S.K.: 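Take this structure first; my questions come after.
This is a predicted model, so every value here is computed, not measured. To find a chain, count down the sequence lines: A is the first, B the second, and so on, and within it residues start at 1.
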2 protein chains.
Amino acid sequence: MARSIHVRRPATLASLAAELGVSRTTVSNAYNRPDQLSPELRRRVLETARRLGYPGPDPVARSLRTRKAGAVGLLLTENLSYAFRDPAALGFLEGLALACEGAGQGLHLVPVNPEREDVAAVHRAGVDGFVVYSVPDDDPHLAAVLSRPVPTVVADQPNVEGVDQVGIDDHAAITALAQQLITLGHRRIGVLCMRLSRDRNDGFASPERQRSAHFHVQRARLAGLAEAFGAVGVDWSGVRVVERFDHTTASGASAAAQLLDADPQVTALICTSDILALGALTEARRRGLRVPQDLTVTGFDGIADADRVGLTTVRQPVLEKGRAAGKLLLGAPDPTRPREVILDTELVPGSTAAPPRTSEERWFGP
Amino acid sequence: MARSIHVRRPATLASLAAELGVSRTTVSNAYNRPDQLSPELRRRVLETARRLGYPGPDPVARSLRTRKAGAVGLLLTENLSYAFRDPAALGFLEGLALACEGAGQGLHLVPVNPEREDVAAVHRAGVDGFVVYSVPDDDPHLAAVLSRPVPTVVADQPNVEGVDQVGIDDHAAITALAQQLITLGHRRIGVLCMRLSRDRNDGFASPERQRSAHFHVQRARLAGLAEAFGAVGVDWSGVRVVERFDHTTASGASAAAQLLDADPQVTALICTSDILALGALTEARRRGLRVPQDLTVTGFDGIADADRVGLTTVRQPVLEKGRAAGKLLLGAPDPTRPREVILDTELVPGSTAAPPRTSEERWFGP
DNA sequence: AATTGGTTCTGAACCGTTACGGTCAGATCA
DNA sequence: TGATCTGACCGTAACGGTTCAGAACCAATT
């Protein structure tokens with residue numbers, strides 16, 4: 001099967017029509033509305049098309065005319081390839097892909113460089129709508145998406161007025177987790193969180209920085225923790241929160257190290273993601289700290305690896321979230337009000353949380 | 001930040017030009033070639049655009065004129081969502097995404113339904129080229145891709161004359177693995193392989209079916225095994241090959257069960273993928289067979305989970321493969337001849353292969 | 001004074017298709 | 001026999017841009 005490489009498109013609908021001595025409309029109909037012409041003529045059109053090497057109507061021209069691209073754009077602030085490495089993002093993507101293929105829509109991954117503020121790729125994407133996955137509220141790419149006259153659904157964050165949304169109740173979810181730890185008796189805690197803003201800050205996050213975080217999800221989780229622990233008398237300004245820009249287990253490990261160095265007395269490390277928590281577990285093991293006897297570690301998301309190691313965490317239905325986002329975008333838009341889908345979360349007890357040891361136990365063993 | 005939902009695009013380049021009293025060319029230049037007009041006028045154009053809610057040049061119209069879509073199409077025969085579940089496909093995707101974002105190109109996942117032969121999605125995709133990942137040689141979607149006047153790169157399979165290609169030397173790779181097993185002393189083996197054709201055949205694959213497989217990769221691996229074991233006197237027609245349509249660990253487990261039921265005497269299960277091998281390990285454990293003492297199991301691919309359990313396998317650079325495919329597609333095309341990239345593989349010894357036990361050992365212990 | 005060169009802007013052609021509203025011949029009907 | 005319907009096809013006008021060859025203008029050079 002030989003084929004010429006990248007030949008200039010040889011035939012168009014018009015040239016085909018000329019060759020056949022019929023109108024362009026008729027050729028178009030041969031492809032799109034077979035009932036509009038006689039079977040015999042249609043056969044001739046298709047036959048001539050084959051002979052001339054006409055590959056069928058040009059998709060771009062068709063899109064221009066019909067105002068339909070047949071694809072959904074996906075925007076995420078990380079590198080494109082990040083989506084294929086992060087388990088939660090992956091689950092979301094799978095759900096979204098499910099919804100798209102169910103509707104016969106393509107999935108157009110928009111390449112954005114998180115470092116540069118180059119918004120051109122958003123403007124170049126020929127899509128019928130956008131799904132925006134977990135970006136900061138001041139993301140210029142998001143602004144570019146919103147400026148385009150196509151429907152948009154935001155997943156997780158940020159909250160944008162008038163835009164359809166799918167996510168979870170972060171505040172409630174983290175509150176349940178916090179209650180669990182409080183019940184176990186933890187009062188001296190440390191927190192590991194993901195990036196709070198577009199600027200890199202690998203280190204402690206001040207309460208001010210926590211409050212002004214541009215990532216709504218992180219902000220809500222931290223606020224929920226502050227509230228829950230504040231209610232039992234913990235002074236939040238004394239609680240160390242370590243932030244990491246990169247979302248990897250290595251980041252989690254180094255963040256845990258930083259926190260444990262600063263305050264060896266903490267009895268629990270609360271992590272705002274499983275990935276960070278897995279890293280924290282590694283660091284704990286490296287230090288000879290037994291989990292959960294010497295240290296409690298919790299995560300968030302409920303990824304497969306968390307399940308494997310029995311991490312105490314909050315499970316959120318990431319695949320369902322992706323699917324819901326797709327359905328929201330592809331379903332009939334509701335002009336009266338933006339729609340919001342809040343999915344359920346579930347506290348996963350796991351085996352990495354236990355009551356804190358007393359000081360004596362810490363020094364002299366159980 | 002309020003926004004109107006799905007308003008009919010209010011302004012076009014033309015209406016903006018009319019409003020400003022300049023030509024369309026000038027407005028176009030304001031966006032694409034700032035050096036072609038005075039800074040002052042450009043400022044006015046952009047300002048008016050904002051006022052009128054003009055979101056910038058329409059991407060589809062621009063694509064039509066410039067003959068550039070700014071995106072690469074990806075075709076894979078499985079459901080779209082499969083790509084996000086299979087580790088090898090995922091690695092490929094990540095590499096491809098890396099190449100795409102490096103070139104500022106989007107990645108357009110084409111939704112194909114493997115059950116139905118609906119090729120429309122391929123024709124509807126507005127892309128500048130296609131990457132085809134591991135499809136059967138008689139795939140109608142592949143034919144549709146090749147009929148389109150855009151460059152194409154095929155990864156893994158099939159071999160198409162005149163089309164750029166990236167892959168590995170399956171024959172050499174499997175031969176190395178086979179030699180290893182032969183050296184260990186295995187002669188009575190069983191094989192677990194992935195689907196050989198578009199029709200579902202969950203069961204034994206006859207030598208005829210093996211030879212006529214539409215998946216080139218599987219065909220080459222089976223042929224390599226037949227050759228290597230044939231050279232040491234093993235009659236291939238007596239070797240059981242179990243085929244599975246779905247590529248999951250559950251399939252691997254059931255295939256292993258089917259094979260071990262049919263011939264409990266086999267000393268080694270050679271699997272053409274790690275996923276199948278992981279399933280086989282599960283089944284072996286279920287039967288109380290120790291690996292590798294009682295049964296040798298090997299895989300192919302070198303995925304992370306294989307590494308984790310110490311599977312004896314062949315590692316192939318999946319990420320690199322994706323990246324190479326992207327580079328091939330996006331780099332300057334070579335009109336003189338199709339290019340071919342063959343990546344290196346590496347035998348991973350692992351700990352799931354050992355010499356077979358003698359019959360006595362099998363029955364009476366070591 | 002004529003030429004040259006540069007900047008800034010314009011007019012018209014073109015990209016390849018589909019939507020819309022026809023026309024027209026022949027069949028059907030009262 | 002004339003009116004109406006139907007199936008098959010067509011002409012025109014978008015769809016929303018980009019591009020290229022100039023025009024108009026002004027300043028600097030010869």
S.K.: Nearest to the B:Asn32 side chain among C:dT17, D:dG17, D:dT18, which nucleotide is it?
M.R.: D:dT18

S.K.: Measure from CZ on B:Arg124 to P on C:dT18 and round the result to the nearest Å.
M.R.: 12 Å

S.K.: Without placing hydrogens or testing angles, list every side-chain donor-acceptor pair under 3.5 Å for residues 89-102 of chain B, not counting sequence neighbours.
M.R.:
from, atom 1, to, atom 2, distance (Å)
B:Glu94, OE2, A:Arg85, NH1, 2.5
B:Glu101, OE1, A:Leu80, N, 2.6

S.K.: May I have the distance from A:Asp58 (atom CG) to D:dC15 (atom P), rounded to whole angstrom?
M.R.: 19 Å

S.K.: Show me the donor-acceptor pairs within less than 3.5 Å that the side chains of residues 319-332 of chain A make with the rest of the protein, sequence neighbours left out.
M.R.:
from, atom 1, to, atom 2, distance (Å)
A:Glu320, OE2, A:Arg323, NE, 3.4
A:Lys321, NZ, A:Asp156, OD1, 2.7
A:Lys321, NZ, A:Asp156, OD2, 3.0
A:Lys321, NZ, A:Gln316, OE1, 2.7

S.K.: Within the 3.5 Å criterion, strictly below it, is a donor on B:Asp199 or B:Ser197 matched to an acceptor on the partner's side chain?
M.R.: yes

S.K.: Which pairs of donor and acceptor atoms, one on a side chain in residues 41-53 of chain A, lie under 3.5 Å apart (sequence neighbours left out)?
M.R.:
from, atom 1, to, atom 2, distance (Å)
A:Arg42, NH1, A:Ala30, O, 2.2
A:Thr48, OG1, A:Arg44, O, 2.7
A:Arg51, NH2, A:Glu19, OE2, 3.4

S.K.: Under 4.0 Å, counting only non-hydrogen atoms across every strand here, what does A:Arg33 touch: a base, just sugar-phosphate, or nothing?
M.R.: sugar-phosphate

S.K.: At how many degrees, to 10°, do the end axes of the helix from C:dA1-D:dT30 to C:dA30-D:dT1 meet when each uses five pairs?
M.R.: 50°

S.K.: Tell me the interatomic distance from A:Lys68, atom NZ, to C:dG16, atom P, rounded to whole angstroms.
M.R.: 23 Å

S.K.: Does B:Arg67 put a side-chain nitrogen or oxygen below 4.0 Å from OP1 or OP2 of C:dC15?
M.R.: no

S.K.: Please give, in whole Å, the distance from D:dA8 P to A:Leu20 CG?
M.R.: 17 Å

S.K.: Do A:Leu142 and A:Pro158 touch side chain to side chain, with heavy atoms closer than 4.5 Å?
M.R.: yes

S.K.: In whole angstrom, give the distance that lies between atom CZ of B:Arg62 and atom P of D:dT18.
M.R.: 5 Å

S.K.: Tell me which pairs pass ring-ring contact (aromatic ring centres under 6.0 Å, His included) where either residue lies in residues 13-46 of chain A, with sequence neighbours left out.
M.R.: A:Tyr31-A:Tyr54

S.K.: Answer yes or no: is there a side-chain heavy-atom contact under 4.5 Å between B:Val122 and B:Val110?
M.R.: yes

S.K.: When you compare the side chain of A:Asp128 with that of A:Gln105, does any pair of heavy atoms fall below 4.5 Å?
M.R.: yes

S.K.: OP1 or OP2 of D:dG16 sitting under 4.0 Å from any side-chain N/O of B:Tyr31?
M.R.: no

S.K.: What string of B, S and - do you get for nucleotides 5-14 of chain C, 5' to 3', when a contact is any protein heavy atom under 4.0 Å?
M.R.: ---SBBBBBB

S.K.: Write down the distance between CZ (A:Arg42) and P (D:dG7), rounded to a whole number of angstrom.
M.R.: 18 Å

S.K.: Under a 3.5 Å threshold, yes or no: a donor from one side chain and an acceptor from the other, between B:Ser23 and B:Thr26?
M.R.: yes

